[in-house]
Amino acid sequence: MNAALKFLPHEHLKAWLEELAGTMRVLAPQKEGAAVVYRAFDPSREPELIRKPTESAKHILFPRSEALFAFHKKKAPFAPDSLNPDGSQAEKEEPATPAMELTPPEQPGPTVVFGMTGCDAGGVTTFDPVYGGRYQDPYYLQRREATVLIARACNEALSTCFCTWVGGDPANRRDADILATRLENGWLLEPLTERAERVLGSTLLGDAGEAEAREAEALHAKARAAIGEAPDLTGIEDALPALFDDKDFWWSESAACLACGACTYLCPTCHCFTITDEKAGLSGVRLRAWDTCMAALYTLEASGHNPRGQKAARLRNRVGHKFAYFLKNHQGRISCCGCGRCIKSCPSSVDIRRIVLNALKRAKGKEAANG
Ligand code: SF4
Ligand code: SF4
């Protein structure tokens with residue numbers, strides 16, 4: 001028996017989340033129309049813990065739009081021209097620089113996300129080296145530290161799921177703080193990091209035994225088998241740059257793309273943003289909002305030149321960033337967690353798995369042809 005494992009009977013789930021909501025912000029997947037979205041836990045409703053959320057969980061740590069700070073410009077006080085006693089103009093003092101008041105935004109306090117998919121937890125840890133590495137983003141880091149991620153193991157896999165291709169797993173122990181597995185009679189909670197201690201002190205939780213651990217492992221193995229064997233992606237980080245100038249390849253792969261951007265907005269690992277100042281009078285807010293490299297305006301320069309004016313170039317950048325450039329910058333980590341949302345939601349059936357496999361095949365073919 002593993003003393004660290006906890007067991008929560010199904011009938012106690014809502015009571016436990018309600019108890020947590022007394023001291024922290026609790027989020028869980030919730031049905032909203034035809035979609036499943038991460039929302040504040042509502043005790044009057046059942047969280048949706050079977051269907052895969054339509055959106056990813058990234059907005060919890062990286063909001064769609066957020067105020068970085070509010071600003072208010074204070075005008076310099078009026079300083080009349082002054083004259084010397086003999087009537088001549090006195091030497092002017094340097095005008096006072098107008099003062100700028102900056103007000104930081106309020107940040108959410110302690111938070112727990114219950115029931116995120118393992119791939120969504122993988123999305124979060126893909127963000128970590130971007131916003132917590134060479135460049136430290138205090139907004140992201142504050143939320144990251146305050147948030148406990150409870151990933152639920154996927155007992156079923158969709159035909160679009162491919163987490164195992166990119167280092168993930170339906171029972172993702174690498175990226176979450178707690179792994180929760182839905183068993184027949186309740187949830188098995190496996191703490192994985194120190195953050196887990198913040199939420200596992202409840203008397204509603206009991207200790208779990210070997211039987212529960214075995215039941216969970218059998219479910220995990222079934223989900224892995226449903227995804228099937230992962231292809232070998234070794235060399236993809238070289239294959240994609242090798243095809244950079246292969247216009248035929250990128251035109252063909254991007255032919256169906258409508259440039260709607262759904263793939264990037266739903267993606268748990270896409271992290272581009274734009275910054276604007278919204279100003280009225282002397283006050284305003286500096287805003288950061290999600291942006292998408294699949295949009296033509298993303299790279300439009302003030303001169304009118306656009307280095308990625310064609311959708312083929314934009315798709316090349318999106319796939320290249322996830323499966324080549326990111327790996328080189330971040331110790332071999334692929335910037336895709338295999339959630340499959342971009343495949344499921346693409347109106348034109350553009351499939352990133354197919355592009356990656358085609359790229360590997362084409363680059364190998366070219367290499368062989370060149371001897
Ligand atoms: S979702 Fe599909 S059509 Fe829309 S931008 Fe992405 S690849 Fe293109
Ligand atoms: S690229 Fe597609 S499959 Fe990969 S993480 Fe983004 S949405 Fe999911």
Side-chain angles (χ1 to χ4, degrees), residues 35-38 52-59 61-62 64 116-130 151 154 157-170 172 174-176 227-228 230-231 233 236-237 240 249-272 290-299 308-327 330 333-359:
V36 177
V37 290
Y38 291 95
K52 185 170 194 159
T54 316
E55 64 174 5
S56 82
K58 78 174 168 188
H59 62 91
L61 296 150
F62 181 63
R64 290 179 184 85
M116 66 197 309
T117 55
C119 49
D120 280 346
V124 174
T125 55
T126 310
F127 269 60
D128 287 347
V130 178
C154 296
L158 302 179
S159 62
T160 45
C161 293
F162 63 105
C163 57
T164 53
W165 293 30
V166 289
D169 191 77
N172 185 353
R174 182 190 63 178
D175 301 304
I227 295 179
L233 300 186
I236 188 65
E237 70 273 32
L240 287 163
F249 179 77
W250 291 110
W251 274 89
S252 151
E253 292 297 340
S254 65
C257 173
L258 306 172
C260 67
C263 48
T264 51
Y265 287 122
L266 291 171
C267 178
T269 62
C270 280
H271 48 265
C272 290
W290 292 0
D291 203 348
T292 167
C293 64
M294 293 300 274
L297 291 180
Y298 181 77
T299 42
R308 294 205 287 266
Q310 305 289 335
K311 63 183 178 181
R314 298 196 289 275
L315 187 72
R316 178 186 65 191
N317 176 68
R318 174 170 155 78
V319 179
H321 184 251
K322 289 185 179 301
F323 284 86
Y325 322 139
F326 196 91
L327 278 70
H330 300 294
R333 176 90 187 236
I334 292 176
S335 175
C336 165
C337 58
C339 74
R341 285 191 183 90
C342 58
I343 305 165
K344 192 162 188 277
S345 301
C346 175
S348 304
S349 303
V350 175
D351 189 327
I352 198 165
R353 294 171 299 188
R354 190 194 59 220
I355 300 171
V356 165
L357 294 179
N358 285 350

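Both counts, for ligands and for their atoms, begin at 1 and track the order of listing.
- One distance of note links OH of Tyr265 with CG of Asp291; it measures 5.5 Å at 0.5 Å rounding.
- With hydrogens and angles ignored, the 3.5 Å screen pairs a side-chain donor or acceptor of Lys311 with a backbone N or O of Cys257.
- For the ring-ring contact (aromatic ring centres under 6.0 Å, His included) test, residues two or more places apart in sequence or in another chain that qualify with Phe326 are His321, His330.
- The backbone N or O of Val350 sits nowhere less than 3.5 Å from a side-chain atom of Ser348 that would complete a donor-acceptor pair.
- Distance alone, capped at 3.5 Å, is enough to place a donor-acceptor pair between the Thr269 side chain and the Ser335 backbone.
- Taking a cut-off of 2.8 Å, the protein N, O or S atoms nearer than that to atom 4 (Fe) of ligand 1 are Cys260 SG.
- A side-chain donor-acceptor contact under 3.5 Å links Lys52 to the backbone of Cys339.
- Screening the protein for N, O or S atoms under 2.8 Å from atom 4 (Fe) of ligand 2 yields 1; no waters enter the count.
- Neither the backbone nor the side chain of His321 has any atom closer than 4.0 Å to an atom of ligand 2 (non-hydrogen atoms only).
- For the side-chain contact (heavy atoms from CB on, under 4.5 Å) test, residues two or more places apart in sequence or in another chain that qualify with Cys342 are Cys263, Arg318, Ile352.
- You'll find the side chain of Phe162 reaches within 4.5 Å of the side chain of Cys336, heavy atoms only.
- How far CZ of Arg314 is from OG1 of Thr299: 7.0 Å, rounded to the nearest 0.5 Å.
- Remark: side-chain polar atoms of Thr117 are paired, donor with acceptor, to backbone N or O of Asp120 under 3.5 angstrom.
- For ligand 2 and Phe162, the ligand atoms under 4.0 Å from any heavy atom of the residue are 3 (S).
- Checking side-chain atoms of Lys58 against main-chain N and O of Cys270 turns up a donor-acceptor pair under 3.5 Å.
- Residue Arg353 places every heavy atom at 4.0 Å or more from ligand 2.
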